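Worksheet: the structure to be examined is printed underneath.
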Amino acid sequence: MARAIVRRERVRFLGFSFSLTPIGARRLANFERNRRGAISLRIFLALFVLSLFAEVIANDRPLLVRYDGGFYVPFLVAYPETTFGGIFPTEADYHDPEVRALIEEKGWMIWPPVRYRWDTVVKDIPGPAPSPPDRNHWLGTDDQARDVLARVIYGFRISVLFGLILTLASSLIGIVLGAIQGWFGGWVDLGLQRFIEIWGGLPVLYLLIIVASFLTPGFWTLLGIMLLFSWMSLVDVVRAEFLRARNFDFVRAARALGASDVALMFRHVLPNAMVSALTFLPFVLNGSITTLTSLDFLGFGLPPGSPSLGELLAQGKNNLQAPWLGLTGFVVVATMLSLLVFVGEAVRDAFDPRKTFR
């Protein structure tokens, strides 16, 4: 059977060139027309890409060392102090004045913009921790003498990566279950719907706190626990789209030609259902990040000491004499969530049929 030839258009977005159908090109144009959402996406992507290189931006090891004619990359490889003429076989402390003097005697060092990691305990602060911002610590230090800016950079990366993984995994489960409900209907739909109503009526945050108190906290452990309750966000949307589209003429024609249920669900109906699902994805990501921040704030999230925005907010609450802690956490979280909300509004406008097919 001959396939219809679909005309495609070349469009540019975020510096890349794409080949899209006319409908896709119009949707992308609608997204770009929402200036606030398009600018927010660029800002968010820029911050996220920078956070992926956190070890290059914030590290207590130099990026490059030139010593006695050789080159070394301490931020990737741990070198003992004896490599640079020291007497101890342990890893070199590049903040130690003696080690720096040994290196500068026969070479030089290139430091990252922030000379501290998320777990570096600062030893040269002028007073007791937490210390206010100064020229060495642009956002000050926390109550354990750790650089706040370094912890914000690493914490932002963990929060976004955690939210992205949780959003993708929960969306995949929700889309599959919603498709099964809407396509088969009957007792399958009724049984799954009653289960979702019971499961969704449980106090999620309290259950997360209870389960997290029994299990050893960790990135993947916490991700698995939250995945148990976060997959329901897209089920109702996909189910409604499948219930609406399963009796369309093109679906009946494909069934008459012998297409299987799997082919009908995921090849013919799912692309139509994904329009509404994609509209909700930025808001699902927003909710995932908020839940992680809430658990970290309450002390039931990531392991103690991990770079976390919620833990920074908790420190601000416990150290009211250090307002830079609470203000930094609030500004970072509020900016990140606001950018995602603006992106979600732009995605909603992009898939609005009144604007796409006008």
Side-chain angles (χ1 to χ4, degrees), residues 11-18 20 23-54 57 139 149 152-172 174-175 226 230 232-234 236-238 241 273-297 308-310 312-313 316 326-358:
V11 296
R12 291 189 61 83
F13 182 65
L14 297 178
F16 298 95
S17 180
F18 301 91
L20 299 176
I23 294 179
R26 284 197 293 269
R27 286 171 175 167
L28 185 59
N30 289 336
F31 181 89
E32 288 281 357
R33 197 172 291 117
N34 189 319
R35 298 292 299 169
R36 184 173 61 184
I39 294 174
S40 298
L41 177 62
R42 287 172 169 82
I43 295 175
F44 181 81
L45 288 179
L47 295 175
F48 178 56
V49 171
L50 286 176
S51 70
L52 294 178
F53 299 93
I57 300 174
L139 297 178
L149 179 57
V152 165
I153 295 173
Y154 284 88
F156 181 87
R157 180 176 66 178
I158 288 181
S159 298
V160 176
L161 287 176
F162 186 93
L164 286 174
I165 297 174
L166 180 61
T167 299
L168 293 176
S170 60
S171 298
L172 179 62
I175 289 172
M226 294 179 62
S230 62
M232 295 176 288
S233 55
L234 295 179
D236 293 336
V237 176
V238 178
E241 290 294 328
M274 286 301 296
V275 172
S276 56
L278 289 174
T279 306
F280 279 90
L281 281 184
F283 303 103
V284 176
L285 175 60
N286 212 331
S288 301
I289 296 175
T290 302
T291 304
L292 176 64
T293 305
S294 303
L295 289 174
D296 288 336
F297 177 79
S308 166
L309 301 179
L312 182 61
L313 291 173
L327 288 175
T328 300
F330 169 77
V331 170
V332 173
V333 174
T335 301
M336 176 171 51
L337 299 184
S338 299
L339 292 175
L340 289 175
V341 169
F342 296 152
V343 172
E345 292 177 351
V347 173
R348 180 193 60 196
D349 292 343
F351 287 96
D352 189 347
R354 296 171 298 180
K355 298 181 180 180
T356 304
F357 301 102
R358 184 171 54 191

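From a predicted model like this one, the values you see are computed outputs, not experimental measurements. Position 1 is the first residue of the sequence; numbering continues from there.
- The minimum heavy-atom distance linking L234 with A277 is given by the pair CD2-O, 4.1 Å.
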Would you tabulate the side-chain donor-acceptor contacts of residues 36-43 under 3.5 Å, counting partners in other chains and residues two or more places apart, or write 'none'?
from : atom 1 : to   : atom 2 : distance (Å)
R36  : NH2    : E345 : OE1    : 2.6
S40  : OG     : R36  : O      : 2.7
R42  : NH1    : A38  : O      : 3.3
R42  : NH2    : E32  : OE2    : 3.2

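- I57 has its side chain within reach of L50: a pair of non-hydrogen atoms, C-beta onward, lies under 4.5 Å apart.
- In this structure, V347 and L281 have side chains that are not in contact, with every pair of non-hydrogen atoms separated by 4.5 Å or more.
- The structure places CG of L164 at 9.0 Å from OG of S288, a figure rounded to the nearest 0.5 Å.
- Defined by atom type and a distance below 3.5 Å, a donor-acceptor pair is present between the side-chain atoms of N30 and R33.
- Going from atom OG1 of T167 over to atom CZ of F280 covers 14.0 Å, rounded to the nearest 0.5 Å.
- For N286 (side chain) and L340 (main-chain N/O), no donor-acceptor pair under 3.5 Å exists by modelled atom type.
- Within the 4.5 Å cutoff, the side chain of L309 has heavy atoms near those of the M336 side chain.
- Considering only heavy atoms from C-beta on, F297 stays 4.5 Å or farther from L312 through its side chain.
- Residues satisfying the ring pair (Phe, Tyr, Trp, His ring centres under 6.0 Å) test with F31, not counting sequence neighbours, are F13.
- For the atom pair CG of L166 and CE of M226, the computed distance is 5.0 Å after rounding to the nearest 0.5 Å.
- Among residues two or more places apart in sequence or in another chain, the side-chain hydrogen bond (donor to acceptor under 3.5 Å, both in side chains) test is passed with N34 by D349.
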Give the intermediate values and the outcome of side chain to side chain contact (heavy atoms under 4.5 Å, CB included) for residues S51 and L47. CA-CA 6 Å; S51 70; L47 295 175; over 6 Å; no
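- In this structure, CZ in F330 is found 9.5 Å from CG in L313, a value given to the nearest 0.5 Å.
- For P282 against L278, the heavy-atom pair with the smallest separation is CD-O, 3.5 Å.
- Residue L339 holds its CG atom at 14.0 Å from CZ of F48, rounded to the nearest 0.5 Å.
- Remark: T293 OG1 to I289 CD1 distance equals 7.0 Å, nearest 0.5 Å.
- Residue pairs that meet the side-chain hydrogen bond (donor to acceptor under 3.5 Å, both in side chains) test with at least one member in residues 330-342, sequence neighbours left out, do not exist here.
- Listed by first and then second residue, the salt bridge (Lys or Arg N to Asp or Glu O under 4.0 Å) pairs that reach into residues 285-294 come to none, sequence neighbours excluded.
- Among residues at least two apart or in separate chains, side-chain hydrogen bond (donor to acceptor under 3.5 Å, both in side chains) pairs with a member in residues 153-162 are E55-R157.
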